[in-house]
Amino acid sequence: MSLVRRILTIGRETARLMVGQPPYEVYLAHMAKHHPDATPLNRVEFFRNRENARFSGAGGGKCC
Amino acid sequence: MKHIPWIILALIGAACLAVLATVRGEQINALWIVVAAVSTFLVAYRYYALFIARYVMKLDGRRATPAHYRADGMDYVPTDRRVLFGHHFAAIAGAGPLVGPVLAAQMGYLPGTLWIIAGVVVAGAVQDFMVLFISMRRDGKSLGELVRMEMGAVAGTIALAGAFLIMVIILAVLALIVVRALAESPWGMFTVAATIPLALMMGAYTRWIRPGRVGEVSILGFVGLIAAIVYGQAVAASPFWGPLFTFTPEQLCWILIGYGALASLLPVWLLLAPRDYLSTFLKIGAISALAVGIVVMAPPLRMPPLTQFIGGGGPAWSGGLFPFLFITIACGAVSGFHALIASGTTPKLIATETDAPFIGYGAMLMEAFVAIMALVGASILDPGIYFAMNSPAAVLGTDPVSAAHAVTAMGFPVSADLLVETARDVGEHTIVSRTGGAPTLAVAMAEIFSHVAGGSAMKAFWYHFAILFEALFILTAVDAGTRAGRFMLQDLIGLAVPSFRAGTSFLPGVVATGLCVASWGFFLYQGVTDPLGGVNTLWPVFGISNQMLAAVALMLSTVVLFRMKQQRFAWVTVVPTVWLLICTLSAGTLKLLSSDPTVGFLAHARKFSDAVSAGQVLAPAKSMEQMEAIVFNDRVDAGLCALFLFVVISLMGFTVRTCLAALREDRPTVNEMPAQMVPAE
């Protein structure tokens, strides 16, 4: 991967994680490796699952 | 040999600090502060953070983190450290490091600068780093659970209740800042109001049209925001729409309370998540632009290094340098609230233990840098403008002539024309008594941005851009905080009534939300109707509570070090703990018991209740009813201070007891997860 593309990838991943969205590919890889029998969430389900998780809990994820 | 560049850097930092500390009577450039801060931070990171990592915590890169041994691809994901740094920084940085330093500038730029630089290196970054470490070694558990694990169930419950109270105060003070920034400002109000339909549209887009496309929808939202700022000017000028978006502080207070309740009950995808995108990206973008702007503009500091208010009696907040400066600048130097974040999502995402210094210590240094920029912003303004904006109307009167007169009498000469002209430049009716810090910072940002792009014709645009940026992420924090507070409250009440816990049914959620909103709404209303502007009263209470939470987090860290049998390094956490305890206990006691009515709540209550029984109405109250409200509010605030003091003192007792017990053991007694080594890939 070229340097520019790597910087872009990191930037994109950072921006998504800032709003609570971890990479879907990592989740797929994890499911394939450890739970090969289970059907993983699709991309949209995964997105919604993370969206809900970000705002339901005492963590809140925000500071003053 | 490898130390030589660092020694040079340290010398540069020391030289800048020396210049800052010795120059008197002439204006110096803001870059001296910036360079002093950056070089100190880099050296502290290179040596102190690494020292803590290697010798105090004994971090082990081969030991598995929760992200590995509990990996699930969702909550626990090993993450690149640069990506995680951004995530953590975005979560800790908010309005706190922007507002506190602006308020602290009333004592001159020097005390604030020194406290931010020293405080973050010795206290703030150490706290974040330690809590991150402790949580990372315990499955990423939260602060309340960590206190319970290491100090016992009673201590854990006290800490949880303390954290909830702090949340309430934070939400009230944040909402108050928004009220102060948007009241009587139709342009600002329109742009902020426009973000609601904008967020709803974005929510619909990510729900039905293109789910999951965060980047796309954020760009669309950003275009909408800019359009709202641009059209806001016409809206404000329109004889029909202008008055429709003009609200008094009291009206805004009720709007915010209703909005907060509604927003925390709506589905998150509809309002909260899309606005979270806008506010997060705008925050990061605006902060970066501010850094670039300050370096490009290299403005001189017009505020003197010290003002006469270091002894107390300042208009923005009362009380002297010690202890009140150290609680006014909370976030940026040391912030207890970060302990909740550092024991939240971040420890579940760390890929290896050796990333912890970069994320825990490093991100906090970055926040301190934001605080330094805010301080610089407030200090490049004409001091006359600064004090005209930050003094309560009770001191200034309401028109530019009386304000100019009052500020000049303070010793900061300013003409009424300058106040009128500045207001016109930024597109507002008036800048007199726009307290709360946010408008001051917005004027400074408009100054800096318009210097770099657009010239003075763009000042009004940049001012409202800055107001929007601050209001947007404060409102997101208010919604998210109300939700978080609701869950905290459900957990707390759930300790006594298990059926009240989250997830059992709909009703407890509504009740807990109502209680949460009512609590911060009470303090917000009190602040809004406070004739001294509210920030005056609420900000110190917020600062005390936030620093007390920091003391709690550092006491937990001390306990952990003792239980690890690392007590010979306990000074790393004991030194900042002691300092915070000295500051918060003395500030709390002064707020409670000081006989000076401008400082002590009870003295103020006594002064007013004596007047009530004598049948007098004291300014600034206008009726007997207001007099009684003031007395009641003072007593509530005093009760709150007493409660915070109780939380800290009791946890201090638990800390000493646990440390002594750990000393008697001859082996480590910490409750860490047993070490597992990362298998070779």
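All heavy atoms count here, side chains included; hydrogens, waters and symmetry mates do not. Protein chains get the first letters and strands the later ones, always in sequence-line order, with residue 1 at the start of each.
Residue B:F281 touches chain A through its side chain alone, counting heavy-atom pairs closer than 4.5 Å. For chain B, the nearby part of A:F47 is the side chain; its heavy atoms alone come within less than 4.5 Å. For B:R486, no part lies under 4.5 angstrom from a heavy atom of chain A. The contact between A:L41 and chain B is made entirely by side chain atoms (from C-beta outward), counting heavy-atom distances below 4.5 Å. Residue contact with chain A, scored on non-hydrogen atoms closer than 4.5 Å, involves the backbone and the side chain of B:V214 alike. Using a 4.5 Å cut-off between heavy atoms, A:R50 contacts chain B through its side chain alone, with no backbone atom that close. Contacts of A:F46 with chain B are made by side-chain atoms alone, with heavy-atom separations under 4.5 Å and no backbone atom involved. Residue contact with chain B, scored on non-hydrogen atoms closer than 4.5 Å, involves the side chain of A:R48 exclusively. Residue contact with chain A, scored on non-hydrogen atoms closer than 4.5 Å, involves the backbone and the side chain of B:D75 alike. In this structure, no portion of B:I474 lies under 4.5 Å from any heavy atom of chain A.
Between B:C331 and B:N546, the shortest heavy-atom distance links the atoms SG-ND2, 3.8 Å.
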Please tabulate, one pair per line, all N/O donor-acceptor pairs under 3.5 Å involving side-chain atoms of residues 85-99 of chain B, not counting sequence neighbours.
unit_1, atom_1, unit_2, atom_2, d
B:H87, ND1, A:L17, O, 3.1
B:H87, NE2, B:T345, OG1, 3.0
B:H88, ND1, B:T346, OG1, 2.9

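With 3.5 Å as the limit, one finds no donor-acceptor pair spanning the side chains of B:T206 and B:W269. No side-chain donor from either of B:T476 and B:D276 sits under 3.5 Å from a side-chain acceptor of the other.
Each of A:M31, A:R16, A:H35 has some count of heavy-atom pairs under 4.5 Å with chain B, and the biggest count is that of A:R16.
For the pair B:F164 and B:V168, the minimum side-chain heavy-atom distance is below 4.5 Å. Between A:Y27 and A:P40, the closest side-chain pair of non-hydrogen atoms falls below 4.5 Å. Within the 4.5 Å cutoff, no side-chain heavy atoms of B:L272 are placed close to those of B:L266.
Geometrically, B:R483 does not engage A:F55 in a cation-pi contact, judged by NZ or CZ lying under 6.0 Å from the ring centre and within 45° of the ring axis.
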